[in-house]
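Heads up, the thing below is written out as structure tokens.
Start at 1 and go down the list; that is how both ligands and their atoms are numbered. Any value given below was found using the heavy atoms of this structure, including those in side chains, with hydrogens, waters and symmetry copies removed. Position 1 is the first residue of the sequence, and the numbers go up from there.
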Amino acid sequence: MILITGASSGIGEACALLLAEKKIPLILIARRSDRLSLTHKKCQELGSKVYSFNLDVTKTADIISWAQKNCDLLSKCEVLINNAGLAVGLKTFDQVESHEWDQMIDVNIKGVMLFSSLLLPHFIKKDSGHIINLGSVAGHHVYPRGNVYCATKHAVHAFSQSLRADLLGKNIRVSEISPGMVETEFSEVRLQDKDKAKKVYQGLKPLSAHDVAEVIAWCLDRPKHVNIEEIILYPTMQASPTLIHRL
Ligand code: NAP
């Protein structure tokens with residue numbers, strides 16, 4: 001069984017669909033109930049047993065009480081895909097409002113830590129498990145107006161490395177997947193403007209959510225003694241967050 005946070009769109013949804021094709025049971029989490037039920041339905045139609053929950057990963061107390069109520073279900077989980085994440089705005093730091101950095105830090109860092117802390121006791125008990133964290137090339141490079149988002153993804157990178165060190169000897173794998181530009185709802189959420197979001201991908205062929213899901217599925221499929229530390233993947237037309245070839 002695999003738990004995916006942020007399964008209502010983009011990379012999380014693509015992972016759910018790809019894993020459902022393999023008939024893997026899934027636990028899907030996101031806030032938007034209409035979108036989550038759509039993913040749920042599609043995965044069921046592909047033949048997978050699905051449990052979905054409308055949860056906000058920033059609501060720590062709610063998540064902890066949900067995890068207590070669903071302890072039996074979580075104990076069956078072998079993989080956690082910490083995918084829920086977002087960028088809020090693209091502004092110089094002097095213009096960023098505190099509620100905006102709070103949201104990015106709460107989802108991208110604290111959400112990843114919270115779900116890791118909830119699943120790890122089960123993984124440790126079973127002496128088996130795999131955590132996949134969605135990092136980003138923004139976890140390796142910074143770019144103008146990326147400030148808080150870049151800081152959160154650098155944190156995901158450091159946390160993934162540190163987890164691997166802490167878990168040494170416990171037979172638990174930790175992998176980080178760090179994509180460049182993926183065309184999802186990410187830019188729409190970030191810019192709050194559909195037309196501006198479209199322009200982000202104009203003149204190049206970005207990665208698709210499915211491209212990233214395939215890489216994640218490949219990491220999961222490696223034999224249990226093989227831990228892929230990190231995969232950084234770019235569209236061929238991108239060489240760094242700021243080096244982009246557009247036609
Ligand atoms: P997306 O299409 O906007 O999907 C983001 C997902 O996160 C949605 O399912 C959203 O669901 C969920 N989410 C956001 N806040 C949440 C919260 N508080 N509680 C629960 N779920 C929440 O974007 P995406 O590109 O697939 O992003 C997935 C991950 O990839 C993120 O961690 C992102 O930082 C990373 N990434 C993306 C790119 C890119 O270019 N797209 C590049 C590198 C890394 P709800 O809104 O329904 O809650």
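Contact atoms of ligand 1 toward Leu55: 19 (N), 20 (C) (distance under 4.0 Å to a heavy atom of the residue). Against a heavy-atom cut-off of under 4.0 Å, Tyr149 is close to the following atoms of ligand 1: 33 (C), 34 (O), 36 (N), 44 (C). Within ligand 1, the atoms closer than 4.0 Å to a non-hydrogen atom of Gly10 are 2 (O), 26 (O), numbered from 1 in the order shown. Below 4.0 Å from some heavy atom of Met181 lie the following atoms of ligand 1, by number and element: 40 (O). Close approach to Asp56 involves these atoms of ligand 1, each under 4.0 Å from a residue heavy atom: 17 (C), 18 (N), 19 (N).
The closest approach between Lys153 and ligand 1 falls below 4.0 Å for a heavy atom of the residue. For the ligand labelled ligand 1, residue Arg35 lies outside the 4.0 Å heavy-atom shell. The closest approach between any non-hydrogen atom of Gly135 and ligand 1 is below 4.0 Å. Residue contacts with ligand 1 leave out Val137, since none of its heavy atoms falls under 4.0 Å from the ligand.
Protein heavy atom nearest atom 21 (N) of ligand 1, with residue, atom name and distance: Ala84 CB, 3.7 Å. For atom 5 (C) of ligand 1, the nearest non-hydrogen atom of the protein is Gly85 O, 3.7 Å. In this structure, the protein non-hydrogen atom closest to atom 24 (P) of ligand 1 is Thr184 OG1, 3.4 Å. Residue, atom and distance of the protein heavy atom nearest to atom 9 (O) of ligand 1 are Ser8 OG, 2.8 Å. Of the protein's non-hydrogen atoms, Gly180 O, 3.1 Å is the one closest to atom 42 (C) of ligand 1.
Ranked by closest heavy atom to atom 19 (N) of ligand 1, the top entry among Val57, Val182, Ile81 is Val57. With Leu134, Val212, Val200, Asn83 as candidates, the residue nearest to atom 31 (C) of ligand 1 on a non-hydrogen basis is Asn83.
Closest approach of Leu163 and Leu120 over heavy atoms only: CD2-CD1, 3.9 Å.
Looking at Lys205 and Asp211, no side-chain N of the basic residue comes within less than 4.0 Å of a carboxylate O on the acidic one, giving no salt bridge.
With Val112 as reference, Asn82 is the one residue of Asn82, Thr5, Val57, Asn83 to meet the side-chain contact (heavy atoms from CB on, under 4.5 Å) rule.
The parts of Arg32 lying near ligand 1 are both backbone and side chain, judged by heavy-atom distances below 4.0 Å.
Follow the hydrophobic side-chain contacts under 4.5 Å out from Leu90 and you never reach Val182; the two are in separate clusters.
In this structure, Trp66 and Phe53 have perpendicular ring planes: the angle between them is above 60°, well past the 30° mark.
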